[in-house]
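Here, residue 1 is the first one in the sequence, and each next residue gets the next number.
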Amino acid sequence: MDKKIMVSIVMGSDSDMPVMAKAADILEELGIGYEMNIISAHREPEEFFEYARGAEGRGIKVIIAGAGMAAHLPGMCAAIFPLPVIGVPMGGGALNGTDALYSILQMPSGIPVATVAIGGGANAGLLAARILAVSDDEICARLKEYKNGLKEQVVAKDKKLKETGYKNYVK
């Protein structure tokens with residue numbers, strides 16, 4: 001059975017794929033259906049407007065939008081799509097992603113975009129899951145299991161450190 005698609009991951013270029021794939025990986029791990037698209041707000045504005053206007057009608061509850069430099073994609077999604085948008089600033093370019101980060105952070109009043117760290121695709125996936133978990137007990141339970149798994153990883157690493165000592169830990 002296919003999972004109901006509730007999250008849309010969108011990026012302006014396939015060069016964003018390594019970061020945005022991390023969001024998809026998290027959503028897959030948590031059993032959340034998603035779609036993934038490459039759409040440029042600048043290079044194909046008509047297709048972009050069709051995508052953003054139609055997202056709610058397709059059942060999308062959250063958009064994760066990755067963008068670099070001027071980072072217009074998350075803000076334009078938020079201007080059109082009435083539900084949560086999470087911006088993922090891409091690293092690179094002359095300012096190593098700080099331009100994208102500031103662009104996404106500085107949205108005008110009334111058009112909010114949640115923002116994760118530069119290159120924070122995994123956290124974008126987790127934030128989308130947390131937004132969905134507000135009204136979905138199954139997703140909430142899977143998030144709790146995920147968080148417990150993180151704890152277990154730290155406990156295992158600490159145990160290894162104690163057993164091997166710090167000089168042998170990274171070897």
Connected via hydrophobic side-chain network under 4.5 Å: [X] and [Y]:
| X | Y | result |
| --- | --- | --- |
| I5 | V10 | yes |
| I38 | M76 | no |
| I26 | V7 | yes |
| I39 | M69 | no |
| L161 | V170 | yes |

If I compare all heavy atoms of [X] with all of [Y], which pair ends up nearest, and what's the gap?
| X | Y | value |
| --- | --- | --- |
| I64 | A128 | CD1-CB, 3.9 Å |
| A41 | L73 | CB-CD1, 4.1 Å |
| P112 | A78 | O-CB, 3.6 Å |
| I111 | G75 | CG2-O, 4.0 Å |
| L127 | A114 | CD2-CB, 3.9 Å |

Mind checking what makes side-chain contact (heavy atoms from CB on, under 4.5 Å) contact with N123, not counting sequence neighbours?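 Residues passing side-chain contact (heavy atoms from CB on, under 4.5 Å) with N123: V116, L126.
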
If you define the side chain from C-beta out and look only at heavy atoms, does anything of [X] sit under 4.5 Å from [Y]?
| X | Y | value |
| --- | --- | --- |
| Y51 | I80 | no |
| L83 | V62 | no |
| L27 | M6 | no |

Is the backbone N or O of V113 less than 3.5 Å from a side-chain atom of T115, with the two atoms forming a donor-acceptor pair by type?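 Checked: pair present.
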
Can you run down the side chain to side chain donor-acceptor pair (under 3.5 Å) pairs that involve residues 152-167, sequence neighbours left out, and say none if there aren't any?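 Listed once each, the pairs are N148-E152, D158-K162.
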
Atom pairs and distances, donor-acceptor, side-chain atoms in residues 129-141, under 3.5 Å, two or more places apart:
| from | atom 1 | to | atom 2 | distance (Å) |
| --- | --- | --- | --- | --- |
| D136 | OD1 | E138 | N | 3.0 |
| D136 | OD1 | I139 | N | 3.1 |

Tell me which pairs pass ring-ring contact (aromatic ring centres under 6.0 Å, His included) where either residue lies in residues 22-46, with sequence neighbours left out.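 Matches after skipping sequence neighbours: H42-H72.
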
If you look only at distance, which donor and acceptor atoms sit under 3.5 Å apart when one is on a side chain in residues 14-25 and the other is two or more places apart or in another chain?
| from | atom 1 | to | atom 2 | distance (Å) |
| --- | --- | --- | --- | --- |
| S15 | OG | S13 | OG | 3.0 |

Count the heavy atoms of every other residue, nucleotide or ligand shown that sit under 6.0 Å from CE of M36, and state whether that count exceeds 12.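 Enclosed.
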
Using a cut-off of 6.0 Å, state whether more than 12 heavy atoms not belonging to E50 lie near its atom CD.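 Not buried by this count: 12 neighbours or fewer within 6.0 Å.
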
Which side-chain N or O atoms in residues 88-109 pair as donor and acceptor under 3.5 Å with protein atoms at least two apart or in another chain?
| from | atom 1 | to | atom 2 | distance (Å) |
| --- | --- | --- | --- | --- |
| T98 | OG1 | L95 | O | 2.9 |
| S103 | OG | A70 | O | 2.5 |

